[in-house]
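Reckoned from all heavy atoms, side chains included, excluding hydrogens, waters and symmetry mates. Chain letters run A, B, ... following the sequence lines, proteins first and then strands; every chain starts at 1.
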Amino acid sequence: MDRYEPQQIEAKWQRVWEDERAFYVPDPPPGEEPQNHWYQLEMLPYPSGTLHMGHVLNYTMGDVLTHFRRRNGWIVLRPMGFDSFGLPAENAAIREGGHPRDIVEGNIAEIRRQMRRLGWVIDWDREVSAHEPSYYRWTQWLFLRFFERGLAYRKAAPVNWCPNDQTVVANEYVIDGHCERCGAKVEARNLEQWFFKITAYADELLRFDLPPGGSWPERTMTIQRNWIGRSEGAEIIFRVEELDQDIAVFTTRPDTLFGATFFVLAPEHPLVEQIGDADVLAYARETAARRGEERAAEEEKTGVFTGHYATNPVNGARLPIWVADYVLMDYGTGAIMAVPAHDERDREFAERFDVPIVPVIDDDERLINSAQFDGLPAEEGKGAIVEWLREQGKGAHAVSYRLRDWSMSRQRYWGCPIPIIHCGECGLVPVPDDELPVLLPEVQDYRPKGVPPLASNEEWLHVPCPKCGGPATREADTMDTFVDSSWYFLRYVDADNGEAPFDRRLVDYWCPISHYIGGIDHATGHLLYSRFFVKVLNEIGLLGFREPFARLFHQGWVQMGGTKMSKSKGNVAGPDEMVDGYGADAVRLYILFMGPADQDMEWNDDGVEGIVRFVRRLWRVVLEAAERAPQSDPGDGALVRKAHQTIVRVTADIERRLQFHTPISAVMELVNELAEDTAAEGARFAAETAVSLLQPWAPHVTEELWQRLGHERLWEQSWPVADPALLERATFELVVQVNGKVRDRMEVPAGLAEDELVERAKASERVRAHVDGKKIRQTIVVPGKLVNLVVG
RNA sequence: GCCGGGGUGGCGAAAUUGGUCAUACGCGCCUGGCUUAAAACCAGGUGCCCCUUCGGGGGCGUCAGGGUUCGAGUCCCUGCCCCGGCACCA
């Protein structure tokens, strides 16, 4: 018998699949659209390095599901691409020296090789990379559609500045006040930047109108909902008589309006400039500048009185106007009414600065000190006071969100150029569609300097205005790489289209994505941005759905030394040595066998020997059975029944429960049982079943064994189906309990009447030892399982 | 503080609607076989405690403490611990 030689077998079958183009998926011809299609996708890799075991987990899961679906009769699209623009790639290039394009393209070639070596099913005809002009041309084209609708706009606003990466960073990728990419502490800066108006979709993003059959982890929806942070309340107008001005505040507690005893402006509030004296202005400037700094939660609030007063619309009370650091300019209106009796922060401030505190809600949650509203339950009071304000023209019901618009321009080189021209006469002028793409210019020194590197290429920068022909300059910021990844899954469907980003018919056929796998770290970033994009593209008429991802699954982190593997942390284990040593099948099996796929795992290769042993045992036992067991009716012996049970377990675990490790255990059990006697009745059937069931996990060795069992093209065979008749047992093991404790077990025929079961139970000597001399108070019978005698 | 997810052998972990002495499968460990030897491979054993005439018998065990139930890893309550996310958002 041959030895198991994974390198040889794997190379052989990979060549066959490539030669046959076994996993390339044709698009449906117009008018003929089969129903059972499936779009399997995992988040695309950054080619800032090569693959590590985290990627191996992610893509192997997708691969198992792809094989499983295919063999269940589905047409499965499973493309791949590279998120090759942006900070990760550029920082890698700076680290390693060289041009980002060279680094990225070198890594892409290497990753493709790694992916082929692992035997993953990928339709390479649809590959896209964000940095290729054929792709980013359409990123720019889409940007212009957003711009036309006012959904991409420029404004000065407080933004997060990463001093290390020398660029603005989106809120979504500032973690604990630090840049998600490089870990540096971010600073607050007031800069003019490009934004996408994602806030216009806040309410819809809060709803998850998933396509039929869709499901998202509750956890992820909660994270997005918290991030969007919808608060319901009221906007209330306060009058500043001496300035003849109105200032609006947002509050979620209009019921406490009578308890407002002071009024606070954020340091950045425009009114501060008007009313502040020198001291106030100095305080405001200093505090605004300190914004980005990390502040301990227990740090004391600061503030300064402006000398002016605002009038409470509900009772005419004159409230001193303060400027304080605890009010944020970019939430609500940047001004608050302070109710120290019922707000912890206001109370802390009031106590520190000796401002009066007036309670307006009693222990019974009813309004007090609130004139005509006294006695109302607080909840009713909210509505009543808002209604009164509305009648007086002093306020209205309002909703506020924590979500901010998506800051998407970057002062960096390696990104998609923003197709806009700045003209002194005409303002912001879009580059005409037929002049796209605006190619990323070559620059001498692309490293970040705080000013956009693109601007250093003078020849590129200066262009005539497309509108008036006068002198103008190009926008020199580039796009956040998350713009690229907000629509890549649509481009896969129609990757070569030179006329449009994609064909609507094809996108509507394949999408929404049936099953998306990726890290939960993108819950408030990529996964939110992509939903926003799809909603906008739907409104433009480019596609016919409003949610991109039907089913979502998050794989756990593969960690090393307690932290997530990543190139920048240097704790990376790559698949290459493992594949060299054990073969791709063993690596695939091992990474999935390590534990539940949605749970974090600590990488170690201690247990890989066990998997290798298993694959070798499978090899030996199957070949033995192929030799010894006759090709005949498998019969209905124990081994055949075990095989049918295994079909049920593997199928249910992978299909319904998305468990990748327990099916491996199930097949191990079957192989162990087969190993006991490879000439037993049904041994050949058991061997074939084990090989067939394991194919999605270990496609090479199973294909080879399938061939040696005298068959062909396992990857195209339909998935095994269990015979219900062979799952039913003629007899079963009856468990007999006395007072809930198991006292005996006996093999009895299936289908006995309940009283017959009880009779047999009582006849047992071991049971009688615990029952005799006592009264049986109750008898519980679970048909097909057990009898429980309750004695007292 | 708020929200979410968890605590099962030495380790990774199983246990389809509460029902087969909980711990499948694998790792590790122990014993034996093969071998000059080692590795590899193969066979057997492996929760804790007590009793045993060596056939086996009994008790306790899923973070802790209560509860529901004939029966709880699974359901309910209280507490402890761990992991992740958010956090001056009015």
Choosing from [options], which nucleotide comes nearest the side chain of [X]?
X	options	value
A:S665	B:G19, B:C25, B:A90	B:C25
A:N226	B:C3, B:A90, B:C41	B:C3
A:T222	B:C3, B:A24, B:A90	B:C3
A:E669	B:A24, B:A90, B:G26	B:A24

Base, sugar-phosphate or nothing for [X]? Non-hydrogen atoms, less than 4.0 Å.
X	result
A:T779	nothing
A:R617	sugar-phosphate
A:D330	nothing

Report the base-pairing partner of [N] (Watson-Crick or G-U wobble, both distances below 3.5 angstrom), or none.
N	answer
B:G71	none
B:C86	B:G1
B:C60	B:G47
B:G9	none

In whole angstrom, give the distance that lies between atom [atom1] of [X] and atom [atom2] of [N].
X	N	atom1	atom2	value
A:I611	B:C27	CD1	P	8 Å
A:Q224	B:G4	CD	C1'	14 Å
A:E344	B:G1	CD	P	12 Å
A:Y582	B:A40	OH	C1'	13 Å

Using atom [atom1] of each nucleotide, how far apart are [N] and [M] to the nearest Å?
N	M	atom1	value
B:C63	B:U74	P	8 Å
B:C76	B:C3	C1'	22 Å
B:A37	B:C49	P	35 Å
B:A22	B:G28	P	27 Å

Parallel under 30°, tilted from 30 to 60°, perpendicular over 60°: which one fits the rings of [X] and [Y]?
X	Y	result
A:Y529	A:W406	parallel
A:F349	A:F353	tilted
A:W719	A:F68	perpendicular

task: Would you mind telling me which of A:V304, A:T287, A:V264 makes a side chain to side chain contact (heavy atoms under 4.5 Å, CB included) with A:D325?
output: A:T287
- prompt: Is the distance from OP1 or OP2 of B:C86 to the nearest side-chain N or O of A:R402 less than 4.0 Å?
  reply: no
task: Check whether any side-chain N or O of A:R613 sits under 4.0 Å from OP1 or OP2 of B:G28, and answer yes or no.
output: yes
query: Relative to A:Y201, does A:R531 satisfy both conditions: NZ or CZ under 6.0 angstrom from the six-membered ring centre, and within 45 degrees of the ring's axis?
result: no
Please list, pair by pair, any protein nitrogen or oxygen found under 3.5 Å from a nitrogen or oxygen in nucleotides 14-16 of chain B.
residue, atom, partner, partner atom, Å
B:A14, OP1, A:H661, NE2, 3.1
B:A15, OP1, A:R657, NH1, 3.3
B:A15, OP1, A:R657, NH2, 2.7

